[in-house]
Amino acid sequence: MFASVELSGKPFDEALREAVLKLLKYVGGSNNQGAGMGMMAPVCSTVFPAEDGSLQPKVKVLLRIPSQFQDNPPSPSDESIRVEKREEMVVYSTLFGGYAKEADYVNYAAKLTSALGNEASFHKDFYFCNGYDPPMKPYGRRNEVWLLKKATN
C-alpha cells in the first residue's frame with residue numbers, strides 16, 4: 001500500500017517538494033489514527049516525458065506505507081492524498097548520486113533508454129524518479145530512474 005499525491009501545472013522540482021511535504025505530514029501523524037508512521041524510502045515520482053524528453057508539468061509522488069500499517073493504513077487528513085495498492089513490477093534501473101533535480105532525472109532516463117537500445121520493451125510514456133535520502137544527508141546520496149518493463153503475454 002502506498003500514499004500518493006498527484007500535482008499538475010507546476011515544474012517537477014516544485015511539485016515534488018510540495019507533494020513530499022504533504023506525504024511527510026501524513027506519515028507524521030496527520031491521519032485519522034494520529035499515527036506517526038515513520039519515513040519509508042524511496043520517494044517515488046511517476047513523471048511523464050514530453051516529445052523533447054523534458055518533463056510535462058504533471059507528477060504523481062508515492063511513498064510506501066510502513067509494514068505495520070500495510071493491512072490497515074490510516075486515512076489521510078489531507079483530501080489530496082490517496083491510499084492505493086500497487087502491483088508488483090519489473091523495472092530497468094540506473095543509479096546516480098547527488099541532490100537530484102529534474103535535469104538529472106531527464107539525463108539519466110535518456111542514458112538508460114540509450115543503453116537499453118531496441119532490445120528491451122518498456123513504457124515510454126512515463127517513468128519513475130526515486131530519491132532515497134533525506135535533504136540533510138549531503139554525501140553518499142542515492143537516486144534512481146526506473147523504466148517499467150512491458151508485460152509479455
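Side chains included, hydrogens not; waters and symmetry mates left out as well; all remaining heavy atoms used. Count residues from 1 along the sequence.
When all heavy atoms of Trp146 and Tyr127 are compared, the closest pair comes out as O-CB, 3.3 Å. Residues Arg64 and Met40 come closest through the heavy atom pair O-CG, 3.1 Å. Contact detail for Ala15 and Leu7: the closest heavy-atom pair is O-CD1, 3.2 Å. Nearest heavy atoms, Ser8 versus Lys58: OG-CG, 3.9 Å. Taking both residues in full, the closest heavy atoms of Pro66 and Gly38 are given as CG-O, 3.9 Å, listed atom of the first, atom of the second, then distance.
Interatomic distance, Lys111 NZ to Asn107 CG, rounded to the nearest 0.5 Å: 4.5 Å. A distance of 6.5 Å separates CD1 of Ile65 from CD of Gln70, quoted to the nearest 0.5 Å.
Within the 6.0 Å centre-distance limit, the rings of Tyr105 and Phe12 are counted as a close aromatic pair.
The cluster map of Ile, Leu, Val, Met, Phe, Trp and Tyr, joined by side-chain heavy atoms under 4.5 Å apart, puts Phe96 and Leu112 in the same cluster. Taking hydrophobic clusters as Ile, Leu, Val, Met, Phe, Trp and Tyr residues chained together by side-chain heavy-atom distances below 4.5 Å, Val5 shares a cluster with Met39. Under the 4.5 Å side-chain heavy-atom criterion for grouping Ile, Leu, Val, Met, Phe, Trp and Tyr, Leu148 is not connected to Leu116 through any hydrophobic cluster. Taking hydrophobic clusters as Ile, Leu, Val, Met, Phe, Trp and Tyr residues chained together by side-chain heavy-atom distances below 4.5 Å, Val106 shares a cluster with Leu147. Both Val20 and Leu63 belong to a common hydrophobic cluster when Ile, Leu, Val, Met, Phe, Trp and Tyr are linked at side-chain heavy-atom distances under 4.5 angstrom.
Pro49 places none of its side-chain heavy atoms less than 4.5 Å from the side chain of Gln56. Side-chain contact between Leu16 and Val59 is absent, with no heavy-atom pair separated by less than 4.5 Å. Here the side chains of Ser45 and Phe128 are not in contact, with every heavy-atom distance at 4.5 Å or above. Counting heavy atoms from C-beta on, the side chains of Gln33 and Phe69 come closer than 4.5 Å.
Cation-pi check for Arg141 over Tyr132 is not met; the charged atom does not lie both under 6.0 angstrom from the ring centroid and within 45 degrees of its normal.
When atom types are taken as modelled, the side chain of Asn31 and the backbone of Tyr26 share a donor-acceptor pair closer than 3.5 angstrom. Proximity of a side-chain donor or acceptor of Asn143 to a complementary backbone N or O of Gly98 within less than 3.5 Å is detected. Thr113 places a side-chain N or O within 3.5 Å of a backbone atom of Ala109 that can act as its donor or acceptor partner. Here the side chain of Asp104 pairs no donor or acceptor atom with the backbone of Tyr108 at under 3.5 angstrom.
Counting non-hydrogen atoms of neighbouring residues, nucleotides and ligands closer than 6.0 angstrom, the CG atom of Asn118 reaches no more than 12 such neighbours. More than 12 heavy atoms of other residues, nucleotides or ligands sit less than 6.0 Å from atom CG of Asn32.
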Below 3.5 Å, can you tabulate the donor-acceptor pairs from side chains in residues 81-95 to any protein atom, sequence neighbours excluded?
| from | atom 1 | to | atom 2 | distance (Å) |
| --- | --- | --- | --- | --- |
| Arg82 | NH1 | Glu79 | O | 3.0 |
| Glu84 | OE1 | Ser4 | OG | 2.8 |
| Glu84 | OE1 | Lys60 | NZ | 3.2 |
| Glu84 | OE2 | Lys60 | NZ | 3.0 |

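Looking only at atom types and distance, the side chain of Ser121 has no donor-acceptor partner in the side chain of Lys149 under 3.5 Å away.
Tested against Pro42, the residues Leu62, Asp133, Asn130 include a single side-chain contact (heavy atoms from CB on, under 4.5 Å) partner, Asn130.
Between Asp13 and Lys101 there is no salt bridge, since no side-chain N of the basic residue sits under 4.0 Å from a carboxylate O of the acidic one.
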